[in-house]
Each structure stands twice: as structure tokens, then as C-alpha cells.
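These notes are about the structure you will find just below.
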Amino acid sequence: MPGADEADDEEEMPLSLRLSIADTLTLGNATCGFMAVYFTTTGILIPHLTGSQESGMARHSAATAVILMLCAAVFDLFDGLVARKLRSSPMGAELDNLSDLISFGLAPAYFVLVYGMVADDAHQRVAAVGAIVVLLAVVLRLARFSCVTVKDGTFQGMPSPFGALTIVSIVLLELPFVATVLAILGTAWLMVSRVEYPKPRGPLAVAMLSWIVLAMGLLAAWAFDAPGGQLLLQTGCALQLVMGAVIPLFATARRVNNFRGNRREARAAQP
């Protein structure tokens, strides 16, 4: 009956648009990314443009912006876990990609751009190019993630949350400008590469969450000028860079070992 069909359509539409718990966590991810851009603008860029010399406020704002990106990574970690345990709405995958673009594409790229404007030895136009490369790398990585199917338990290319944290770590290390730009471009390349990265599940998810909490503590110590806070922050940033460089080496070594193992098995199977 026509009336019954219309009633069924009215009942089905709200269900398809209803947000799940996982979707709410994903929106928290997007909110953290936007607020990271806000604190980078109001606490670092605007004081620089207006001639303010309050370095403490800039340090607090930089730490807050990075902590918000870390919070976004926590939301991104848990929304996937919750979606697998409970359920996700039909919008879940699209919401996740859009939120990741804000938190791990726009926010770190904007952080690099502002760094190029406020650092003494930086070149603004070169930094702007680096920021664009970071943003486009995340866009391409997320688009490929939606279209390409890889074997279960792995990502193809450096995950965008890990890439974003590596990029801000490079900036916070305060390396020479050329070294900073080269390291940022290298990280962007890893995000669009075919290097395999393990998905954060089980013990790896616990380790990742512990590392994020530790990084928040290091940033807080640096922001409040705790004794040794600068050294602790630089140590944490250096460890982030080491992990970014070592994981691809382990992944490459594993692929080589698997290839050699398959060749040995093929030879053994030959009569």
C-alpha cells in the first residue's frame, strides 16, 4: 500500500543518518584538529604579527596545539576500536576521512606554515611549499585508503596520525631550516609510499596509547618550563623521528624475508 511504503521510508531515513558512538568519537577528532589550528593562530601567529614578545604564551599555545593533535589521535584510535566492537553508521568511513584530513592534514600543515613565518632562520615561501606538500600527501593517502584494499592488519604508507605527529616533532626539535624541510618532505613521502605499517591493534594499540600519554606529559613539562622540560621534549621528538625512520626499515626487512622464504618453499616444492 502507498501509505505503508511512505511510512517505512520515514522510519528508515533517521536510522541511516543516526550517529553511532564511533561517529561521535570521530567528530571529537575533527574538533581537536580545528582547535589545534585555532591555538596555533591565536597563540603563535597573531602575537608574532602584532609584535608581541611573549614567548611563554607562544610556547603554551604550541604545546596546546600539539596536545590537541594527540587527543585527535586518541579519538581516531578509539573510534576504530568502538566501530569494530559495536557498530558504525553508513557515514562512518566518510566522517573518519574528513576528520583525519582536518586533524592530521590541515592542522600539521598549518603548523609548518606558521613555523615558516615565525622562526628566525626560516624562509616563509619554502615553508609554505612544505606545508602544501604535507596537506596534499594526507589528501592522497586518505583517498588511496578509501580505494585500495591491502592485506588485513596493515596500512599502505605511514598512517596520517603518525605522520602528523612526526611532522610536528620535526618542527619542535628546532633543527636548521634546511634539515627541517627535508625531514618534513621525507615524512610526506612516507605517507604516500607503499611501505607497509602495522595497524594499532591489541598490544600495539596499548603501546601507541601509552606513547601518546607520555608525549602529552612531555609537552606539558615543556609548556610550564619545568626543569629539564626542553631536554625531555627534544628527547621525545627525537624518539618519534627514530620510530618514523625505523618502522619502514623493519617493514622492508620483513618483506624481503617473506620473499626469500617463498622462494625457498617454491624451490623445495620442485621435483
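For this chain, numbers begin at 1 and follow the sequence in order.
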Let me know which of Leu218, Leu219, Leu214 forms a side-chain contact (heavy atoms from CB on, under 4.5 Å) with Leu232. Leu218
In Å, rounded to the nearest 0.5 Å, how long is the span from CG of Asp76 to CG of Asp96? 5.5 Å
Rounded to the nearest 0.5 angstrom, the CE-CD1 distance for Met208 and Ile212 is 4.0 Å
Looking only at non-hydrogen atoms, find the nearest pair between Arg59 and Ala223 and report the distance. NE-O, 3.5 Å
I need the Leu95 CG to Leu25 CG distance, nearest 0.5 Å. 11.5 Å
Apply side-chain contact (heavy atoms from CB on, under 4.5 Å) to residues Thr31 and Ile102 and explain how you reach the verdict. CA-CA 9 Å; Thr31 302; Ile102 296 171; over 6 Å; no
Identify whether Leu165 and Leu209 are in the same connected component of the hydrophobic contact network (ILVMFWY, side-chain heavy atoms under 4.5 Å). yes
Spacing of Met35 atom CE and Ser103 atom OG [to the nearest 0.5 Å]: 12.0 Å
Quick one: do Phe34 and Leu70 end up in the same hydrophobic cluster if we chain Ile, Leu, Val, Met, Phe, Trp and Tyr together by side-chain heavy atoms under 4.5 Å apart? no
Looking at every non-hydrogen atom in both residues, tell me the closest pair between Ile44 and Ala58 and how far apart they are. CG1-O, 3.9 Å
Any side-chain heavy-atom pair of Asn97 and Leu101 under 4.5 Å: no
For residues Phe145 and Val139: do they belong to one hydrophobic cluster (side chain heavy atoms under 4.5 Å, members Ile, Leu, Val, Met, Phe, Trp, Tyr)? yes
Any donor-acceptor pair under 3.5 Å from Arg194 side chain to Gly157 backbone: no
is_close_aromatic(Phe39, His60), centroid dist under 6.0 Å: no
Take atom CZ in Phe177; do more than 12 heavy atoms of anything else shown fall under 6.0 Å from it? yes
Chi angles and distances behind the side-chain contact (heavy atoms from CB on, under 4.5 Å) call for Trp189, Val133: CA-CA 9 Å; Trp189 176 82; Val133 170; over 6 Å; no
Find the distance between CZ (Phe75) and OG1 (Thr26) and round it off to the nearest 0.5 Å. 10.0 Å
Is there a side-chain contact (heavy atoms from CB on, under 4.5 Å) between Met191 and Leu142 once you walk through the steps? CA-CA 10 Å; Met191 284 194 282; Leu142 293 174; over 6 Å; no
Can you hop from Val129 to Leu136 via hydrophobic side chains spaced under 4.5 Å? no
If hydrophobic residues (ILVMFWY) are linked whenever their side-chain heavy atoms come closer than 4.5 Å, directly or via other members, who joins Val213 in its cluster? none
Check the orientation of Phe162 and Tyr197. Use parallel for under 30°, tilted for 30 to 60°, and perpendicular for over 60°. tilted
Do Val112 and Ile170 come close enough that some side-chain heavy atom pair is under 4.5 Å? no
Candidate pair Ser193 and Gln156, rule side-chain contact (heavy atoms from CB on, under 4.5 Å), full reasoning: CA-CA 7 Å; Ser193 70; Gln156 190 177 80; over 6 Å; no
Side chains of Trp222 and Gln234: any donor to acceptor distance under 3.5 Å? no
Looking only at heavy atoms, what is the nearest atom pair of Thr40 and Ala65, with distance? OG1-CB, 3.4 Å
Set of residues satisfying side-chain contact (heavy atoms from CB on, under 4.5 Å) with respect to Ala107, sequence neighbours excluded: Ala36, Val37, Met69
Any idea which heavy atoms bring Met158 and Gly163 closest together, and the distance? SD-CA, 3.4 Å
Co-membership, hydrophobic cluster, residues Val171 and Leu231, 4.5 Å side-chain: no
Leu68 vs Tyr38 side-chain heavy atoms within contact, under 4.5 Å: no
Looking at Pro161 and Phe104, what are the two nearest heavy atoms and their distance? CG-CE1, 3.6 Å
Pairwise distance CG(Leu140) to OG(Ser160) - rounded to 0.5 angstrom: 12.5 Å
Work out which heavy atom in Ser169 is nearest to a heavy atom in Gln240; give both atom names and the distance. OG-CG, 3.4 Å
Flag for Asn29-Asp100: side-chain donor and acceptor within less than 3.5 Å: yes
Using atom types as modelled and distance alone, determine if a side-chain donor or acceptor of His48 lies under 3.5 Å from a backbone N or O of Met117. yes
Determine whether Ile67 and Cys71 make a side-chain contact, defined as any pair of heavy atoms from C-beta on separated by less than 4.5 Å. yes
